[in-house]
Trainee: 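My structure is below; once you've seen it, I'll send some questions.
Everything numeric here is computed off the predicted structure, so don't read it as measured data.
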Amino acid sequence: MRAFVGRRDELARIISDLEKVDEESGSHVVINTIEGMAGVGKTALAVHLAHRLAHRFPDGQLYVNLRGFDVSGPCVTAAEALRSFLTALGVSARHLPASVDSQVALYRSILADRRVLVVLDNARDAQHVRPLLPGSSTCLVVITSRAQLRGLVATHGAAPLILGPLSEAESREVLARHLGQDRTTAEPEAVDAIVEFCHRLPLALAIIAARAATLPGFPLASIAAELRANHCSLDAFADEDPYTDLRTVFSWSLDGLGREEARLLRLLSLHPGPEMSATAAASLAALPVRRTMTLLAKLADVHLMIRPVPNRFAFHDMVKIYASEQIQDHEDADTRGSAVRRLLDHYVHGAHAAATALTPHRIDAAPDAPMEPGVELDPLTDPDSAATWLERELPVLMSAVGQAKSMGHPARAWLLAQTLELYLDRRGRWQDQIDIQSIAVESSLLLQDRLREAQARRSLGFAYGRLAQYDRAHTELHEAMALFTALDNPNGRARVHRSLAFLANCRDEHDAALRHYAQALDLYRSADDLTGQALALNETGWTYILHGAYPQAVAECTRAVALHQKIGDTNGEAAAWDSLGYARHHMGHHEEALRCYESALKLYQRMNDHYLEADTLLHIGDTHEARGDRAASLSLWREAARILDELGHPEAEQARARLRGEPTDG
């Protein structure tokens with residue numbers, strides 16, 4: 001057991017559970033199951049545990065490898081294991097009962113008054129081990145399996161332990177134990193790289209450590225370089241011994257599952273990660289969601305998939321590499337291509353539906369092609385479900401933009417980036433905005449579509465402005481303006497003028513901002529765009545506030561409220577009410593300001609727009625403080641800070657500054 005390291009928490013938990021059972025003097029056999037994916041170290045932990053607990057079980061230990069997930073030889077049946085146990089317990093062959101039931105009875109009677117530890121390694125399922133369970137609380141049974149043994153939990157009170165990858169520190173310790181502390185200390189960067197490319201999987205670390213140990217003259221940096229060169233395959237983890245060949249070890253987990261499960265696992269490797277819903281998986285496989293859930297559950301049961309949270313599924317990185325290799329070997333290019341198109345359509349159409357439900361008057365870009373056959377979508381018709389979906393899927397959506405472009409679908413990449421623009425802006429995810437809008441620009445150039453290029457450059461320029469990168473912002477916005485002008489697109493030109501006005505306000509150039517807004521308003525009027533006019537009016541009013549011209553601000557914002565109400569733009573109306581309240585606040589009309597803010601707050605809450613809800617709460621708190629009600633303002637600022645912290649928004653610090661009594665720009 002020289003190479004066993006880590007797992008301190010897991011060991012402590014099992015030992016603690018055992019001590020509790022000892023204290024309670026229960027009447028049932030004590031069972032601990034150790035479950036997890038292939039190569040995660042289940043057997044090593046069980047054997048180490050047996051050594052640690054040997055003194056507690058003076059009457060002996062019984063061990064059997066049941067070979068439940070091992071196609072290099074036949075599975076050991078419960079009857080075969082039972083006969084070997086009885087022989088080990090001193091029963092001669094001629095005294096063995098003929099029937100399995102009689103053997104089980106004899107086995108349990110022998111162990112009834114003995115303290116014995118039984119290790120049942122690599123069990124196929126709960127049924128595989130039931131005949132091998134003692135009947136006495138004086139015995140401890142430790143079972144390892146790649147399958148989830150829920151049946152034993154339900155019927156025998158087994159305590160399950162799901163084993164995950166090692167920590168980074170434990171992974172480094174594995175290498176040090178194999179290679180010596182001097183060698184690993186001499187090359188810490190190489191050690192970190194090896195840990196990274198092994199994804200903290202004990203078997204992978206052991207394979208690489210063994211290779212390094214047989215090459216004592218090789219620097220670890222050269223081994224790390226080999227792993228880096230093969231990071232998309234398992235070539236570096238291949239071995240003639242099937243027990244130390246990752247591909248073979250992973251393949252054993254699939255043995256016994258059906259063709260549908262194997263096909264689904266392969267197709268899931270096309271997902272960009274980090275995790276997926278059953279609906280997304282169903283779209284990949286072109287299967288009904290219900291059937292897909294059944295297949296995903298089977299994959300999760302043998303730990304080929306992970307369930308990080310309810311109804312979400314993910315890969316361990318090593319299993320994903322294995323599945324990626326499998327899809328190249330077993331599925332042709334047309335099959336892979338169709339699956340990717342279905343997956344992207346799931347996210348493109350889903351994101352558009354969610355964004356439209358949240359801000360129905362703000363989403364300009366729309367899918368211009370029907371979905372691929374077999375795509376499944378979640379129902380996203382109200383702000384609550386839309387906001388929940390976008391928050392949950394945002395990491396995947398960000399990855400999907402890059403995936404779409406890299407896999408030859410620039411139109412989908414462009415559309416998804418444009419759809420996410422407002423949502424990312426409200427969340428303060430401005431660097432992410434720059435990243436995906438840059439991809440949108442590149443995609444528009446691939447499409448040779450000048451209108452899409454203009455729209456993407458306008459979005460990119462505005463994102464640069466959010467991060468005060470004004471030179472880049474102006475470059476992109478002027479490029480966009482030139483394109484919109486050449487295309488004779490007044491709406492596009494108006495959007496650019498509004499973005500240029502925003503930049504001017506950031507630099508306290510309010511007169512220049514007003515000129516841009518005036519031009520935007522004229523262009524929206526020429527296009528008969530009422531939504532654009534209402535937005536320009538509100539933003540003009542906000543500029544007057546920044547300019548200190550509060551009566552003019554009230555006039556413009558009042559017009560904006562009325563126009564937004566006329567066209568039914570709830571989100572725009574809320575923004576205009578907030579601006580109107582802000583102007584009234586600065587005029588000293590605190591009661592009127594609060595009424596305006598309350599109107600805005602109710603609408604934002606109805607629309608599930610948490611960022612602007614928090615922004616309005618800050619403003620309401622400011623007004624209460626101006627009225628001399630510090631207690632009310634503190635309560636409101638705390639709530640705003642809580643919301644912004646939950647969103648991970650950079651403006652949370654401004655809320656906390658208010659709580660500390662520091663001056664802010666608000």
Trainee: Quick one, Glu598 with Arg595, criterion salt bridge (Lys or Arg N to Asp or Glu O under 4.0 Å). Give me CA distance, side-chain angles, the key distance, then yes/no.
Mentor: CA-CA 5 Å; Glu598 289 298 333; Arg595 283 194 290 272; over 6 Å; no

Trainee: Kindly state whether the ring of His352 and the ring of Trp389 have centres lying under 6.0 angstrom apart.
Mentor: no

Trainee: Could you verify whether a donor N or O on one side chain and an acceptor N or O on the other, from Gln431 and Asp435, lie under 3.5 Å apart?
Mentor: yes

Trainee: Can you tell whether the side chains of Arg656 and Glu653 come within less than 4.0 Å, N to carboxylate O?
Mentor: yes

Trainee: Return the set of residues passing salt bridge (charged side-chain N to carboxylate O under 4.0 Å, His left out) with Glu442 (not counting sequence neighbours), or none when no residue passes.
Mentor: Lys405

Trainee: Output side-chain donor-acceptor pairs under 3.5 Å for residues 469-478, partner residues at least two apart or in another chain, one line each.
Mentor:
unit_1, atom_1, unit_2, atom_2, d
Thr475, OG1, Asp471, O, 3.0
Glu476, OE1, Arg457, NH1, 2.8

Trainee: So, Gln418 and Ser459: side-chain donor and acceptor under 3.5 Å apart, yes or no?
Mentor: yes

Trainee: Pairing donors with acceptors under 3.5 angstrom, does anything connect the side chains of Thr359 and Asn571?
Mentor: no

Trainee: Looking just at side-chain N and O atoms, do Thr531 and Asp569 make a donor-acceptor pair shorter than 3.5 Å?
Mentor: no

Trainee: Stepwise, does the side-chain contact (heavy atoms from CB on, under 4.5 Å) test hold for Lys566 with Leu563?
Mentor: CA-CA 5 Å; Lys566 177 180 178 180; Leu563 190 50; 4.2 Å; yes

Trainee: Can you establish whether the number of heavy atoms outside Arg290 located under 6.0 Å from its atom CZ is more than 12?
Mentor: no

Trainee: Is the shortest side-chain N to carboxylate O distance from Glu646 to Arg642 below 4.0 Å?
Mentor: yes

Trainee: Check step by step if side chain to side chain donor-acceptor pair (under 3.5 Å) holds for His624 and Arg627.
Mentor: CA-CA 5 Å; His624 277 297; Arg627 295 171 68 242; 3.2 Å; yes

Trainee: With rounding to the nearest 0.5 Å, note down the distance linking CG in Leu500 to CZ in Arg493.
Mentor: 12.0 Å

Trainee: For Tyr347, check ring-ring contact (aromatic ring centres under 6.0 Å, His included) against everything at least two apart and list the hits.
Mentor: His271

Trainee: Between Ser635 and Arg638, is any side-chain donor less than 3.5 angstrom from a side-chain acceptor?
Mentor: no

Trainee: Just do the side chain to side chain donor-acceptor pair (under 3.5 Å) check on Asp622 and His585 with the steps written out, would you?
Mentor: CA-CA 9 Å; Asp622 293 344; His585 167 89; 5.9 Å; no

